[in-house]
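Below is one structure, written out as structure tokens; the observations come after it.
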Amino acid sequence: MATTTAAPGAPTSKIGQAALEVDDRLIVAGPLRRTLNKVFPDHWSFLLGEIALYSFVILLLSGTYLTFFYDATMQEVVYEGTYAPLRGVEMSAAYESTLGLSFDVRGGLLIRQIHHWAALLFVASIVIHLLRIFFTGAFRRPRETNWLIGVVLLVLALLMGVTGYSLPDDLLSGTGLRIISAIILSLPVIGTWAHWAVFNGDYVGTEIIGRFYIVHVLILPAIILALIAAHLLILVKQKHTQFPGAGRTEHNVVGNRLFPGFAVKATALLFIVFGLCAALGGLVQINPIWLWGPYNPAQVSAGSQPDWYIGFLDGSTRLFPAWDINLPGDYTIPALFWPTVVGAGLMFTVLALYPMIERKLTGDTAAHHLLQRPRDVPVRTSVGAMALTFYVILWISGGNDLIADKFDISLNAMTWFGRIGCLVLPPFAYWMTYRLCIGLQRHDREVLEHGIETGVIRRLPSGEFIEVHQPLGPVDEHGHGQLAYGGASVPKKMNQVGGARRAIKGFFKPVEEPAEVQRQAELEARGLESEQSDRQSITSGRPSEGGRPSEGGRPQAPRD
Amino acid sequence: MSTTDKHPGSNGSDVAGPTHGGPDDEYTPAQLAAMDRTQLDRLGARYDGVEILHVEPGPVPGSALEKQATRQVTMWFALGAVFAVAFLVVYAGSGWFLPDWEWEVGADSWSALFTPLLGLAMGLSLLCIGIGLVQYVKKLLPHETAVQDKHDGSHFDRVTTGASLMSGLDKSGLPRRKLLLGTLGVMGAAFGAMLIAPLGGLIKNPNTGNPLGTTSWAEGVRLLRDDGTPIRPGDQQPGSLETVFPAVEGGNRQADAATMLIRLRPEQQLSDEPREGQADFSYGDYVAYSKICTHAGCPVSLYEQETGRILCPCHQSQFLVTEGAKPVFGPATRALPQLPITVDDEGYFVARSDYIEAVGPTYWNRERI
């Protein structure tokens, strides 16, 4: 570049000058460079939270569209729309407008179904993300705050779901609303007062849809947005956790810089999540409210099921025994209060406080940025498996009538299975998970000590047959490995340590010269040896291990 | 830098302070101009605590591998565009050069395909773009492994920030001015209470009258079907169930009035054991029970006439019709309330009074009203 007039380093291109204008005013070059340079660890499980974020974006977009057509009033109207089977039927304006946006708005049904699918995906990805955080110990100091925010977000997501699917005011959601009403009534002391405050009187009244609507489209989304912002800011501030591995320590993050690699991948994920929701929204019918009909307190359809994330509460309500508590003075605590308010309250409280509980019990107050493999923390993993088993049994019991029907089992037997199962199976799950963890731990040590089973059988001069093992590192005079377990995954197959050559690329015909690939592999291997000696300086004595086979060390000559 | 200041009051004594941000003192513009982009990129990264450990370059420009990868990525993006256009064609073309999209009963033609086609086109378009981006990263971008340092909090920051905060508090003198501090506390509490007080508008007294304990049923109110027709004792087969509503304005839409009129079979009538004091609530072989479940308020709808059980589909509580609809399984604790019935002068079923207890789910002071 021949710059004659400008000072050295002054931009000569149009875009460079424009950038300079911006930075003169906002002074963003420094922060922007720091953002672009931010390193993100590369592991699939770190994308789960992103899926939740993207489903929320889809929910905001599709939900805003739906508000253009939805009418949140319970005024009775007579349907005169396109859907012939319901013409002339009396229904609420809410139900009528939902039918309208499904049948009379071009593409409205697609957006409504995208919204519903994205809602299911939103809660599902939050739950899976939470499990990842739990089982890898990512909630430990200093990330307790973000764990708490996450649990609150989960609860808010459930409330979003409940308020959202009540809005169409169809027969199914009306049944759900009736149960919500009964749950509020069941609160000791304040039950009737709370019900009168929420419903503006006796069930069902004329206010509740309008109130749920404003909660669903304004109050909850605003809180969720604020909490997501806090969640992400804290995440950026604290930087990511990472799994132990080559060069990874408590004081660094190894991975890709935000720009361009990570940013493109994240955008790709947004498109894929959106694409899945759109395909589901178009191809897989969900909540066909026109089949349920308008709400009528005297009607119900058999096999009424809430959306999947409320299933566990439905299950706990079905399983809980008929135990009203009669207090002196003719006061009653209804049986319904325990499995719904107390049950769910306890579950979420314990979940929210788990980091504090674990810190208290283990006495581990140190800051942790390296994740744990679930097998290395058998007690936590088993507690998680126990809780999950309990949850799944409640969840299955939420659909026990359908299971009883489809598999021709007695409904009462299903209920008793759930009642006994939710007490007996979790401890069993604890025990089994614990044994599994210990078994996996032992196998890791076994491979570190004796090497990978190669499947090569050799006959010794004495006539004995032995299997050749591939050591993972230097060995002592007995052939035992010297590597200590460092919390990273241990390769267990020869291909993971470069036992197989890389495949030649090309689907129909090779697009690479096989000889060239071979030459590169040798070069790379030689380069790796020198690189590995550099890298020792930044490892914490952990075994060199990585996602890519080429980084895991080459096989050595087998030893007997 | 290259700007010209024409402000009349400027006199040159107003000079800029040191720039905050990068170490401009260590790197002169000339030094930076001598570096190429890669070097500058790495320099900035190092300044941000990021070290590029390893770069696996992308495919060699012009190689067969690169050409193939470029072709693939291009194909995905092109497909994304094609499906987006397909969406537009289906969306805008329906009812124009394509058949109408509006749904008709029994139509299994274009209108039934409209939404699936829209979803398919939109989904495939977005998926293709997403896959194209992933392929771009995987096949065309260099793979970089970088490491960034994590910093703990600085002691200096903590001490100085703490001092700034505490000196502010000292200057305010609040710890010494006890009366002021106390008043501030009272003021805060009162202010907060004032802010949330308007929520009091939500509160209504549930105990005026007895809304939870009463329904529209009363002496002489006829039992009507959903379509508004009255019922005579001969209308129902033994073993059958009919949902009935009070003959009042909007009675069939009321949340707590729905009632099941059940005609017992002869052998059921023989074994019928009504609840204490409610033996005369039935009329011949007819009994009437509230349809609102005493557990969570769902309409109990599934009547199995062989066993005389009524099942609530929400939580599977089961009530035995021949024993005063007492709960025999599931989470419900109370029997379904029974409506006392008789027939009027014209031979139609009427209620003898309202339910003698509250219908629907249990609540705190139910037994007291």
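Below, chains carry the letters A, B, ... as their sequence lines are ordered, and counting in each starts from 1.
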Checklist line | residues 131-141 of chain B: residues contacting chain A (heavy atom under 4.5 Å, by number) | finding: B:Ile131, B:Leu133, B:Val134, B:Val137, B:Leu141

If you count heavy-atom pairs under 4.5 Å between each of [options] and chain A, which one has the most?
{"options": "B:Ser301, B:Gly330, B:Cys314, B:Gly360", "value": "B:Cys314"}
{"options": "B:Leu65, B:Asn365, B:Leu120", "value": "B:Leu65"}
{"options": "B:Arg334, B:Glu51, B:Gln318", "value": "B:Gln318"}
{"options": "B:Pro313, B:Pro206, B:Pro361", "value": "B:Pro206"}

Considering only heavy atoms, which portion of [X] lies under 4.5 Å from any heavy atom of chain A: side chain, backbone, both, or neither?
{"X": "B:Lys291", "value": "side chain"}
{"X": "B:Leu117", "value": "neither"}
{"X": "B:Gln254", "value": "backbone"}
{"X": "B:Ile52", "value": "side chain"}
{"X": "B:Asn207", "value": "side chain"}
{"X": "B:Ser317", "value": "neither"}

Checklist line | Neighbour count >12 (heavy atoms, 6.0 Å) for atom CH2, A:Trp193 | finding: yes

Next item on the list: Could you tell me which of A:Phe40, A:Trp416, A:Phe337 has the largest number of non-hydrogen atom pairs under 4.5 Å with chain B?
Entry: A:Trp416

Margin query: Using 30° and 60° as the class boundaries, would you call the ring planes of A:Phe103 and A:Tyr83 parallel, tilted or perpendicular?
Written below: parallel

Check: Is the A:His195 ring parallel, tilted or perpendicular to the A:Phe199 ring (thresholds 30°, 60°)?
Finding: parallel

Next item on the list: Check whether A:Asp202 gets within reach of chain B through its side chain, its backbone, both or neither, counting any heavy atom under 4.5 Å.
Entry: side chain

